[in-house]
Amino acid sequence: MSYSYDDQNIFAKILRGEIPNDTVLETEHTLAFRDIQPQAPVHVLVIPKGAYVCHDHFAAEASEAEIIDFIRASAKLCDMLELSPGAGHDGYRTISNAGEAGIQDVPHYHLHILGGRSLGRMVPKPE
Ligand code: AMP
């Protein structure tokens with residue numbers, strides 16, 4: 001598999017400190033910040049600091065340390081943002097868009113965490 005990473009994408013610029021972000025959590029390998037156009041009362045983006053294009057790229061090629069850090073950071077965020085059903089909260093949705101069919105706008109892997117309202121069905125039915 002061959003992935004081509006564009007280091008001029010907006011999240012790469014955020015990671016280099018070239019543009020600001022509203023950070024919620026930063027760990028060794030992971031950054032989480034609020035989405036600039038929130039689709040729900042809580043809308044946070046979780047990104048690895050490494051140069052990965054999409055979910056399968058990250059899952060296949062990231063180190064175990066990066067993957068564990070990313071997944072544990074996402075759990076911490078669900079706790080911090082009071083979304084976890086395990087703590088009696090209402091729940092949330094994670095989404096990761098990939099490529100053209102997934103309508104991915106920013107070609108740096110990211111997980112959306114959405115919550116704070118009922119989110120409706122996962123994928124709208126076609127008209
Ligand atoms: P996707 O369509 O899955 O690639 O999602 C990209 C997300 O990045 C969208 O929800 C945008 O609102 C969000 N976004 C774009 N630029 C920024 C930015 N500078 N800071 C925070 N979120 C951003």
Side-chain angles (χ1 to χ4, degrees):
M1 209 82 72
S2 153
Y3 300 89
S4 157
Y5 182 82
D6 170 15
D7 69 3
Q8 292 308 306
N9 78 75
I10 199 140
F11 295 169
K13 291 181 181 176
I14 284 177
L15 286 167
R16 290 195 294 269
E18 292 168 10
I19 58 170
N21 74 92
D22 185 358
T23 298
V24 181
L25 177 68
E26 181 167 9
T27 64
E28 186 180 0
H29 297 294
T30 307
L31 180 68
F33 51 91
R34 293 199 187 270
D35 196 291
I36 206 163
Q37 285 190 295
Q39 305 295 313
V42 178
H43 188 171
V44 167
L45 301 171
V46 193
I47 69 172
K49 292 182 178 175
Y52 302 102
V53 176
C54 57
H55 173 80
D56 61 287
H57 186 199
F58 178 73
E61 295 187 9
S63 68
E64 288 184 12
E66 289 176 296
I67 293 171
I68 290 167
D69 187 85
F70 185 88
I71 295 291
R72 294 280 196 239
S74 68
K76 188 160 188 201
L77 285 159
C78 290
D79 183 32
M80 288 168 62
L81 298 166
E82 301 187 332
L83 298 174
S84 175
H89 299 301
D90 288 343
Y92 60 93
R93 178 169 298 150
T94 56
I95 300 173
S96 183
N97 300 314
E100 211 175 307
I103 315 186
Q104 179 180 8
D105 289 328
V106 180
H108 180 110
Y109 175 45
H110 51 284
L111 192 68
H112 297 255
I113 300 180
L114 297 139
R117 68 168 168 84
S118 178
L119 295 160
R121 291 268 164 214
M122 184 170 65
V123 178
K125 288 185 181 155
E127 301 285 312

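Counting starts at 1 for both ligands and their atoms, following the listed order.
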(message) Please confirm whether the ring centroid of Y52 lies under 6.0 Å from the ring centroid of Y109.
(response) no

(request) State yes or no: are the ring centers of H112 and H110 separated by less than 6.0 Å? (result)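 Yes: the rings meet the under 6.0 Å criterion.
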
(request) Please round to the nearest 0.5 Å and tell me the distance separating atom CG of L45 and atom NE2 of H43. (result) 5.0 Å

(message) A quick test of your reading: do over 12 heavy atoms of other residues, nucleotides or ligands sit less than 6.0 Å from CD of Q8?
(response)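 Yes, the 6.0 Å shell around CD holds more than 12 heavy atoms from other groups.
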
(request) Taking H108 for its side chain and P48 for its backbone only, find out whether a donor-acceptor pair lies under 3.5 Å. (result)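 Yes; at least one donor-acceptor contact below 3.5 Å.
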
(request) Verify, without hydrogens or angle tests, whether Q104 (side chain) and V53 (backbone) share a donor-acceptor contact under 3.5 angstrom. (result) yes

Every pair of nitrogen or oxygen atoms between ligand 1 and the protein that is under 3.5 angstrom apart - can you list them with their distances to 0.1 Å?
from, atom 1, to, atom 2, distance (Å)
ligand 1, 2 (O), I103, O, 3.4
ligand 1, 2 (O), D105, N, 3.2
ligand 1, 2 (O), D105, OD2, 3.2
ligand 1, 3 (O), N97, ND2, 2.8
ligand 1, 3 (O), H110, NE2, 2.9
ligand 1, 3 (O), H112, NE2, 2.8
ligand 1, 4 (O), D105, N, 2.7
ligand 1, 4 (O), V106, N, 2.9
ligand 1, 4 (O), H110, NE2, 3.0
ligand 1, 5 (O), H110, NE2, 3.2
ligand 1, 5 (O), H112, NE2, 3.3
ligand 1, 10 (O), D35, OD1, 3.3
ligand 1, 10 (O), D35, OD2, 2.5
ligand 1, 12 (O), D35, OD1, 2.6
ligand 1, 22 (N), I36, N, 3.1

